[in-house]
Amino acid sequence: MTEEQIAATPPGGDAAAPAVQHLALPNLLDMPLADMPLPPGEPAYRRDQLIDWLYAKSTSDFDRMTNLPPVMRGWLEEAYVADPFTATRRFPSRDGSVRYLFTLRDGKQTEAVYMPYAGRSTVCVSSMVGCPAGCAFCATGAMGFGRNLSRGEIVGQLLAVARHEKVAARELRNVVLMGMGEALLNYEGALAAIRTLLDPRALDMSARRITLSTVGLPSRMRRLAEEGLPLVLAVSLHAPDDETRRRIIPTALANPVAEIVDAMRYWQERGGRRVSIEYTLLAGVNDSDSQAADLARVLGDVHVHVNLIPFNPWHGSGFAQSSRARTESFKAKLHEKGMSVSVRFSRGRDAGGACGQLALKRGAAA
């Protein structure tokens, strides 16, 4: 499949989603900050106050925007919404992370994961409902594609997490677009969301703390490089050769490894930033020492860090996690070849929130 064919994949089933709650009012989070509406006659500084409530204070309730005149709050209430979700469910993990299940205003659903660490926190957000990439080892890929998420639906995930975790939105300094979906196939929505995250009037994030993950779409990687944003680019390679990659990633048929690596070089030429390689280890599929050596050879002179990710099982996947010994051997072989490498153990596994597990599970919520 080409990138255009993937983008046009028809929606997959979403039979388990709750009934649609049709709310036709426009969402303020979908709007560029310069277009934020004001009632007739209100001074321009009211726009800045509204933006501060929506983003820095992550407030979706107009009644709580107390420095706005009552008439303006009533006008906003009648004409707009400030929350892209009709319901939010929270699924805590024993490791402290939390999976969030969001019901969108058309009844479809998507997910995010909150991961607190000592001195920092990260939110993994989705760019789509489901995913068209169809990676065989990923539960999200098995769902099929629902639709792209809008600017407000992407940024709104972080704002909702801030509200529910009772932290200031600007304290959530690390965002990864690694949840549901292929962000580069929702290019306009993902980039609009990123620009909102970066805007000093909104969340004032550093581009170096935003990671965008892609399965490896060369033309869109090059387009992203032209944006001039010093993001972290994470490429889900998962195999060093085209034959293995085609077994586990359907999109690999149209995107050979050599072209993906060439696009990574272009990314570095334009911005100079190291690329993060995501590599899920699947027992007997892509975890041999010879494949580690091939991976080092293929990446060659590209400045990368390889994240080895133990496979997170899900029902019906047909794959098994590589043993600890095999994982360490693969890592050692990459070290031997001069590669920067680490093993990344996913958080939230018991809550269905680990890498590759997002599939709208509806167990007991907190």
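These figures come from a predicted structure and were not determined experimentally.
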Atom NE2 of H164 and atom CZ of R89: how far apart are they, to the nearest 0.5 Å? 12.5 Å

Given salt bridge (charged side-chain N to carboxylate O under 4.0 Å, His left out), test R195 with E227 step by step and report yes or no. CA-CA 11 Å; R195 293 192 186 281; E227 300 284 349; 2.6 Å; yes

Quick check for you: to the nearest 0.5 Å, what is the distance between L229 atom CG and L212 atom CG? 10.0 Å

If you define the side chain from C-beta out and look only at heavy atoms, does anything of L104 sit under 4.5 Å from T86? no

Above 12 or not: heavy atoms from other molecules or residues under 6.0 Å from NZ of K337? no

Distance-only donor-acceptor pairs under 3.5 Å for side chains of residues 24-37, two or more places apart:
{"from": "N27", "atom 1": "OD1", "to": "L29", "atom 2": "N", "distance (Å)": "3.0"}
{"from": "D30", "atom 1": "OD1", "to": "S150", "atom 2": "OG", "distance (Å)": "2.6"}
{"from": "D30", "atom 1": "OD1", "to": "G152", "atom 2": "N", "distance (Å)": "2.7"}

Looking at R208, is its backbone amide N or carbonyl O close enough to the side chain of S206 to form a donor-acceptor pair, meaning the two atoms are under 3.5 Å apart? yes

The test is side chain to side chain contact (heavy atoms under 4.5 Å, CB included); show your working for V167 and L172 and say whether it passes. CA-CA 8 Å; V167 299; L172 301 174; 3.9 Å; yes

Any side-chain donor near an acceptor of the partner, D289 and S329, under 3.5 Å: yes

For a 4.5 angstrom cut-off between non-hydrogen side-chain atoms, does Y55 reach D204? no

Side chain to side chain contact (heavy atoms under 4.5 Å, CB included) for L76 and L50? Distances and angles first, verdict last. CA-CA 10 Å; L76 290 167; L50 175 59; 4.0 Å; yes

From C124 SG over to Y114 OH, what is the distance, rounded to the nearest 0.5 angstrom? 14.0 Å

Mind checking whether F319 and F137 have parallel, tilted or perpendicular rings, split at 30° and 60°? perpendicular

Taking all non-hydrogen atoms of both residues into account, name the closest pair between N148 and M128 and its distance. OD1-CE, 3.3 Å

F62 side, atom CZ; R73 side, atom CZ - distance, nearest 0.5 Å: 11.5 Å

Hey, is the main chain of F311 close enough, under 3.5 Å, to the side chain of Q321 for a donor-acceptor pair? yes

Just by modelled atom types, is the M180 backbone N or O under 3.5 Å from a matching donor or acceptor in the S126 side chain? yes

Nearest heavy atoms of A239 and Y279, plus distance in Å: N-CE1, 3.5 Å

Is a side-chain N or O of R326 found less than 3.5 angstrom from the main chain of D287, in a donor-acceptor match? yes

Just do the salt bridge (charged side-chain N to carboxylate O under 4.0 Å, His left out) check on D294 and K333 with the steps written out, would you? CA-CA 10 Å; D294 288 344; K333 178 61 69 172; over 6 Å; no

CZ of F85 to CG of D83, rounded to nearest 0.5 Å, is 6.5 Å

Test: D301 and R265 ion pair at under 4.0 Å: yes

Distance only, no hydrogens: is a donor on one side chain within 3.5 Å (strictly under) of an acceptor on the other, for R90 and Y100? yes

Go through it in stages, so that I can follow the logic: the residues are V113 and V161, the test is side chain to side chain contact (heavy atoms under 4.5 Å, CB included), and I'd like the CA-CA distance, side-chain angles, deciding distance and then a yes or no. CA-CA 9 Å; V113 182; V161 167; over 6 Å; no

Nearest heavy-atom contact between V98 and E165 is CG2-OE2, 3.6 Å

For side chain to side chain donor-acceptor pair (under 3.5 Å), just list the numbers for N174 and S121, CA-CA rounded to whole Å, side-chain angles, deciding distance to a tenth of an Å, and then say yes or no. CA-CA 6 Å; N174 300 279; S121 57; over 6 Å; no

Answer with yes or no whether the hydrophobic clustering places V304 together with V232; edges join I, L, V, M, F, W, Y residues whose side-chain heavy atoms lie under 4.5 Å apart. no

same_hphob_cluster(M339, V275) at 4.5 Å side-chain heavy-atom cutoff: yes

CE on M205 to CG on L198, rounded to 0.5 Å: 8.0 Å

Mark yes or no for whether T214, through its side chain, and L184, through its backbone, hold a donor-acceptor pair below 3.5 Å. no

Taking the six-membered ring of Y266 as reference, does the NZ or CZ atom of R222 fall below 6.0 Å from its centre and within a 45° cone about the axis? yes

Okay, side chain of Q291, backbone of S288: is any donor-acceptor separation there less than 3.5 Å? yes

Contact between L224 and L231 at the side-chain level, heavy atoms closer than 4.5 Å - yes or no? yes

Using a 4.5 Å cut-off on heavy atoms from C-beta on, say whether the side chain of M178 contacts that of V125. no

We want to know whether D95 and S93 form a side-chain donor-acceptor pair, criterion being a heavy-atom distance below 3.5 angstrom. yes

Whether R223 engages the ring of Y187 as a cation-pi pair (distance to the six-membered ring centre under 6.0 angstrom, angle to the ring normal within 45°) should be assessed. yes

Smallest separation among heavy atoms of A283 and S322, with atom names: N-OG, 3.4 Å

Check: T244/R247 side-chain N/O donor and acceptor closer than 3.5 Å: no

Has E111 got a side-chain atom pairing as donor or acceptor with F102's backbone, closer than 3.5 angstrom? no

Side-chain heavy-atom pair C131, C138 within 4.5 angstrom cut-off: no

So, for I248 and P250, which heavy atoms are closest and what is the spacing to 0.1 Å? O-CD, 4.0 Å

Do you see a donor-acceptor pair shorter than 3.5 Å between the side chains of Q109 and T103? yes

Taking T196 for the side chain and R151 for the main chain, is one N or O donor matched with an acceptor at less than 3.5 Å? no

Taking the six-membered ring for Trp and the full ring for Phe, Tyr or His, determine whether the centres of Y80 and W75 are under 6.0 Å apart. yes

Side chain of N186, backbone of L149: donor and acceptor closer than 3.5 Å? yes

Closest non-hydrogen atom pair between V257 and D242, with its separation: N-OD1, 2.8 Å

Could you check if a side-chain atom of I277 sits within less than 4.5 angstrom of a side-chain atom of M264, using non-hydrogen atoms only? yes

For a quick check under 3.5 Å, do R46 and Q49 share a side-chain donor-acceptor pair by atom type? yes

Please determine whether salt bridge (charged side-chain N to carboxylate O under 4.0 Å, His left out) holds for the pair D106 and K108, giving the CA-CA distance in whole Å, both sets of side-chain angles, and the decisive distance to 0.1 Å. CA-CA 6 Å; D106 61 358; K108 294 186 181 295; 5.6 Å; no

Using the salt bridge (charged side-chain N to carboxylate O under 4.0 Å, His left out) rule, take E153 and R147 through it: C-alpha gap first, then chi angles, then the decisive distance, then the call. CA-CA 12 Å; E153 290 169 335; R147 66 168 174 84; 3.0 Å; yes

Step-by-step side chain to side chain contact (heavy atoms under 4.5 Å, CB included) determination, S342 to N307: CA-CA 5 Å; S342 60; N307 282 314; 3.3 Å; yes

Answer yes or no: is there a side-chain heavy-atom contact under 4.5 Å between R274 and L233? no

Is it the case that the side chain of R245 and the backbone of L237 share a donor-acceptor pair, with hydrogens and angles ignored and the cut-off at 3.5 Å? yes

Do you see a donor-acceptor pair shorter than 3.5 Å between the side chains of T280 and E278? no

Should T122 and V175 count as side-chain neighbours, where that means a heavy-atom distance under 4.5 Å? no

